[in-house]
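Here's the structure we're looking at; comments come further down.
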Amino acid sequence: MLTVGVDLGGMNIQTLVLDGDDTTLGTARMRTPTQGDKTLVLDVVSAAVHEALGEAQHEIEEVTAVGIGTPGVVIDGTVGGASNVPDWYDRFGLADLARDLLGVPVRLANDVTAAAVGEHHSGAGRGTDHLLVIMVGTGVGAGLILNGQPYEGAVGGAGEFGHTVVVRDGAVCPCGRRGCVEAYAGRRAMAFAAERAVAAGRETVLFSIQDEFGHLRPTSTVFKAALDRGDELAADLIEEAIAALGVGIASAVNLLDVDAVVVGGGLADRLGDAFFIRLEAAMRPNLFLQPPHVRLERAQLGDFAGALGAALLARDATRR
Ligand SMILES: [Zn+2]
């Protein structure tokens, strides 16, 4: 059975052609448009699907289903609330539009749910049926595998780990509420915090490094470089990010009793072992169950987790 998985990210659209459960026949990656409307984004999705199929030497007519992992909250084939993809914020029927364009049934999922399915299948979450996967990027998202199955909630809103509150009346989050994990650990929020600190008179090399690297905003690479150059503001912001993530993860583990928490995304990838050692230290004192059995793991599949998971979800949808 051939399925195609699409991971729609703020930066790239990653696609993968899957034969059965484990054999990847072709892949393609294209830049996500930064402007335009949903029609343009969908045209690039379609082009990426066809390019991956070309590499796999198959035709779209042979594909049983296409899975799309998308940012935002997915409800019944619709998506809304994603601000990183142009024209993707107001809720619309993505599954129907994509099906009409591709001529194949489409299964939608939140992008981090798809990544969780991928990591569970062949990444850091192998061997457990109780898994929390967290992606720390521009925002902070999560996907859940409970009892071996992806858990998307009553209507599709599960996994909004980034908007669990860790500080009552705390820092303003990009979602407009206060004290969310993302308000401290999302890169967009960290960039705003850095700008506010500079406006208040603090010194930092963050923005000169950003210019030096030709980046438009302080990316994870910029934060890592600033940290390496002894920048105190970058160190403080990263410390706050890790503290918020540690408390948030412990609370999620106390609620769900998962075996493993897999963490990936820009900051975690760039900072590597140092990040995980400190995250473990921030989480541990807040765990209720003693001795704790949860393990903290680095995500293993990178960008492929979402595309693989989306393909697997599409495969499962056709078997029901
Ligand atoms: Zn929030």
Side-chain angles (χ1 to χ4, degrees), residues 8-11 69-75 78-92 108-116 132-144 151-197 199 217-220 223 233-234 236-256 258 261-268 275 279 282-283 286 299 306:
L8 176 57
M11 298 282 283
T70 172
V73 178
V74 171
I75 300 175
T78 69
V79 64
S83 49
N84 295 342
V85 180
D87 197 20
W88 226 251
Y89 192 83
D90 294 329
R91 184 160 295 281
F92 70 102
L108 282 197
N110 168 268
D111 53 352
V112 193
T113 297
L132 170 63
V133 173
I134 295 171
M135 291 295 163
V136 186
T138 315
V140 177
L144 280 164
Y151 180 77
E152 296 174 286
V155 297
E160 293 297 341
F161 171 76
H163 304 290
T164 52
V165 176
V166 288
V167 181
R168 192 165 159 254
D169 295 328
V172 174
C173 180
C175 77
R177 296 166 190 85
R178 283 183 174 272
C180 304
V181 170
E182 186 172 314
Y184 302 93
R187 214 174 45 245
R188 185 192 299 134
M190 291 172 73
F192 285 145
E195 283 170 8
R196 283 197 303 273
R217 54 191 74 85
T219 56
S220 303
F223 268 98
L233 180 61
D236 287 352
L237 290 172
I238 289 169
E239 195 59 50
E240 280 189 39
I242 289 172
L245 284 168
V247 171
I249 290 171
S251 298
V253 171
N254 292 345
L255 179 69
L256 298 169
V258 290
V261 178
V262 171
V263 183
L267 211 53
F275 179 89
L279 185 56
M283 171 187 77
N286 300 294

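Owing to the predicted nature of the structure, the values given are computational and were not obtained by experimental measurement. Whatever order the structure lists ligands and atoms in, that order sets their numbers, starting from 1. One is the number of the first residue; the rest follow in order along the sequence.
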ask   = Protein N/O/S atoms under 2.8 Å from the Zn ion (ligand 1): how many?
value = 4
task = Verify the neighbour count for atom CZ of R217: are there more than 12 heavy atoms of other residues, nucleotides or ligands below 6.0 Å?
result = no
inquiry  = Looking at F192, I want to see if its CZ is surrounded by more than 12 non-hydrogen atoms of other residues, nucleotides or ligands under 6.0 Å.
reply    = no
query = Could you walk me through whether M135 and D111 pass the side-chain contact (heavy atoms from CB on, under 4.5 Å) check?
reply = CA-CA 10 Å; M135 291 295 163; D111 53 352; over 6 Å; no
ask   = Any side-chain heavy atom of V166 within less than 4.5 Å of one from S251?
value = no
message = With a 4.5 Å cut-off on side-chain heavy atoms, are Y184 and V167 touching?
response = yes
message = To the closest 0.5 Å, what do you measure between CG (L245) and CD1 (I238)?
response = 11.5 Å
